[in-house]
Novice: 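Structure in structure tokens, see below.
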2 protein chains.
Amino acid sequence: MSDDLFVIRRAALFANLLPEDLRLLLKNARIIRFKAHEQIFAAGAQAAALYFLVSGSVRLFSLSSQGDEKVIEVIMPDATFAEGVVFLGGRYPVHAAAVTDSEVVELATHHFSSILANNHDMAMRMLAGLSTRVHQLIQDVASLTLETAGQRVAGYLLSQCSPTCGNEAIHMVIPKNVVASRIGVKAETFSRVLATLRGRELIRVTGNDIHVLDRDALMRWRDGVERT
Amino acid sequence: MSDDLFVIRRAALFANLLPEDLRLLLKNARIIRFKAHEQIFAAGAQAAALYFLVSGSVRLFSLSSQGDEKVIEVIMPDATFAEGVVFLGGRYPVHAAAVTDSEVVELATHHFSSILANNHDMAMRMLAGLSTRVHQLIQDVASLTLETAGQRVAGYLLSQCSPTCGNEAIHMVIPKNVVASRIGVKAETFSRVLATLRGRELIRVTGNDIHVLDRDALMRWRDGVERT
DNA sequence: CGTGTTGTTGACTCAATTCAAGAAGTGTGG
DNA sequence: CCACACTTCTTGAATTGAGTCAACAACACG
């Protein structure tokens with residue numbers, strides 16, 4: 001049962017946790033499905049749980065006195081939400097509702113907090129996970145503002161084949177348009193970049209697999225700004 | 001002495017801490033000045049401290065066996081670095097060196113960890129701070145990829161006058177070019193956007209003060225994509 | 001009163017998006 | 001097995017947002 005709940009490791013908060021930590025946390029966790037527009041929690045309510053979004057999308061918003069709504073944030077899959085307020089033990093500052101049909105993992109505050117209170121190391125691993133994520137995101141912001149689309153694509157390819165360290169193929173599990181948006185380019189641009197890289201024989205594309213043929217050249221291409 | 005050390009609150013990690021928390025943490029803290037290119041710590045060394053950068057800039061990098069250097073990250077003021085490894089209690093995975101003359105606050109690992117171990121609430125406040133920062137950064141990434149420069153500028157102005165909730169002036173303490181780069185536009189573009197907003201009488205600029213004349217119109221301008 | 005810094009404005013360029021059409025691959029049912 | 005619809009991907013042409021380069025204005029400061 002709690003085995004597929006391990007998806008929560010994709011959230012920075014849980015990324016560094018040990019299997020036993022996760023098992024403990026997930027003891028009382030449950031998956032809840034919300035239909036589009038269904039409310040998940042209301043602003044002002046005592047924060048009873050934090051959430052991990054498995055699929056779908058969730059809107060955090062507040063309502064003005066006139067009743068019009070201001071969207072604060074849109075949560076996408078693999079992210080946690082309402083965790084901040086759980087750490088501080090207060091009330092939800094915003095409303096949350098599903099935008100599209102969504103699946104969430106719900107972790108009860110009292111359970112979560114009491115585990116954390118008795119497990120200092122786990123708290124440290126969470127801090128480490130979040131702080132890694134902060135650094136990653138700062139990198140992303142930097143790369144969005146001062147790298148070209150081509151450089152970001154090259155960087156992505158390198159990051160994907162870096163662990164296998166050489167001439168292995170990158171198998172694209174996720175559709176290319178999703179990868180494209182992940183690195184901040186349109187699908188068309190992504191396609192074009194792959195085309196020029198293919199032309200320069202830095203990579204070979206076969207179906208959903210991308211082979212990096214010349215890692216060093218690709219790195220040079222990413223760093224230098226050669227045209228043609 | 002430890003009073004000006006309170007600048008560390010600018011880091012997400014410390015943003016939520018109580019004054020007494022900070023005082024406790026800063027007991028053994030010290031400010032260290034590094035000249036450009038001076039080493040701060042070496043990869044492989046036991047992580048003895050975490051750092052907060054007050055001014056200057058710091059380079060985190062690793063060295064390949066061939067001796068060439070790969071820059072992992074460039075730390076800018078108000079950020080912490082090496083905090084992740086301190087939470088996990090290991091060795092520094094990278095080298096750190098000042099790029100330009102820099103001031104850092106150094107917090108010794110053993111001191112930091114022992115305080116945190118005895119102060120569960122403080123750990124929770126740190127988690128809350130980091131998680132807020134993560135959400136902020138995700139917002140920033142979103143706004144960089146799917147808003148225009150004009151929208152970001154408008155959003156910035158609104159965020160600055162939102163608390164004072166109306167017709168107060170925003171006093172720009174920081175130079176405009178810094179603000180510009182903060183929101184991901186060139187200084188010239190920033191200037192141009194202010195010019196068009198001035199032309200439309202949504203704002204008035206006098207020296208370093210910017211008055212938002214019509215909040216609602218500015219919001220509409222940010223959301224809608226009207227030209228001219 | 002020059003000298004340096006910061007901000008403004010104009011003309012030009014280019015990277016990346018948009019729009020649009022077509023190719024390639026995937027699955028369904030007759 | 002083919003025909004059909006459907007999604008994903010690729011490619012082309014036109015457009016544009018924002019950056020670059022460069023000149024200049026506005027100001028501060030010694």
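All values derive from a computational prediction rather than experimental measurement.
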Novice: Go through A:Glu73 and A:Val94 one step at a time and tell me if the side-chain contact (heavy atoms from CB on, under 4.5 Å) criterion holds.
Specialist: CA-CA 10 Å; A:Glu73 196 177 352; A:Val94 294; over 6 Å; no
Novice: Would you confirm whether B:Ser191, through its side chain, and B:Ala187, through its main-chain N or O, come within 3.5 Å as a donor-acceptor pair?
Specialist: no
Novice: Expressed as a whole number of angstroms, how long is the span from B:Leu194:CG to C:dT9:P?
Specialist: 10 Å
Novice: Can you check nucleotides 22-25 of chain C for protein contacts, nitrogen or oxygen pairs under 3.5 Å, and list what you find?
Specialist:
none

Novice: Quick check: closest heavy atoms across A:Leu60 and A:Ala96, and the distance to 0.1 Å?
Specialist: CD2-CB, 3.6 Å
Novice: Might you point out which heavy atoms bring A:Phe61 and A:Val71 nearest each other, and give the distance in Å?
Specialist: CB-CA, 3.9 Å
Novice: Give one of base, sugar-phosphate or nothing for B:Ala195, where a contact means two heavy atoms less than 4.0 Å apart.
Specialist: sugar-phosphate
Novice: Looking at B:Arg10, I want to see if its CZ is surrounded by more than 12 non-hydrogen atoms of other residues, nucleotides or ligands under 6.0 Å.
Specialist: no
Novice: Rounded to the nearest angstrom, tell me the gap between atom CZ in B:Phe190 and atom P in C:dG7.
Specialist: 9 Å
Novice: Closest to the B:Lys176 side chain: C:dT9, C:dG7, D:dG17?
Specialist: C:dG7
Novice: Measure CD1/A:Ile174 against C1'/D:dT8 and give the value in whole Å, please.
Specialist: 15 Å
Novice: Scan for salt bridge (charged side-chain N to carboxylate O under 4.0 Å, His left out) pairs involving residues 94-103 of chain A, sequence neighbours excluded, and state none if there are none.
Specialist: A:Arg33-A:Glu103, A:Lys35-A:Asp101
Novice: Within a 6.0 Å radius of atom CD on A:Glu201, are there more than 12 heavy atoms belonging to other residues, nucleotides or ligands?
Specialist: no
Novice: Calculate the interatomic distance between B:Leu146 atom CG and D:dG17 atom P; express it in whole Å.
Specialist: 16 Å
Novice: Applying side-chain contact (heavy atoms from CB on, under 4.5 Å), run through B:Arg59 and B:Glu69 and close with a yes or a no.
Specialist: CA-CA 11 Å; B:Arg59 193 168 95 252; B:Glu69 145 180 345; 2.7 Å; yes
Novice: Base, backbone or nothing for each nucleotide of nucleotides 19-30 of chain D, written B, S, -, heavy atoms under 4.0 angstrom, 5' to 3'?
Specialist: SBB---------
Novice: Go through the structure and list residues passing ring pair (Phe, Tyr, Trp, His ring centres under 6.0 Å) with A:Phe14, not counting sequence neighbours.
Specialist: none
Novice: Could you give the angle between the helix axes at the two ends of the helix from C:dC1-D:dG30 to C:dG30-D:dC1, with five pairs per end, rounded to 10 degrees?
Specialist: 30°
Novice: Calculate the interatomic distance between A:Ile183 atom CD1 and C:dA16 atom P; express it in whole Å.
Specialist: 11 Å
Novice: Do B:Arg133 and B:Leu13 have side chains that get closer than 4.5 Å, going by heavy atoms?
Specialist: no
Novice: Over how many whole Å does the gap from A:Leu197 atom CG to D:dT11 atom P extend?
Specialist: 12 Å
Novice: Heavy-atom nearest nucleotide on DNA chain C for A:Gly150 versus A:Asn208: which residue maps closer to 5'?
Specialist: A:Gly150
Novice: Under the rule for side-chain hydrogen bond (donor to acceptor under 3.5 Å, both in side chains), what residues qualify as partners of A:Tyr51, not counting sequence neighbours?
Specialist: A:Glu106
Novice: From C-beta outward on A:Ser191, which listed nucleotide comes closest to its side chain: C:dT9, C:dA16, D:dT10?
Specialist: D:dT10
Novice: Would you mind reading off the distance between B:Leu144 atom CG and C:dA16 atom C1', rounded to a whole angstrom?
Specialist: 15 Å
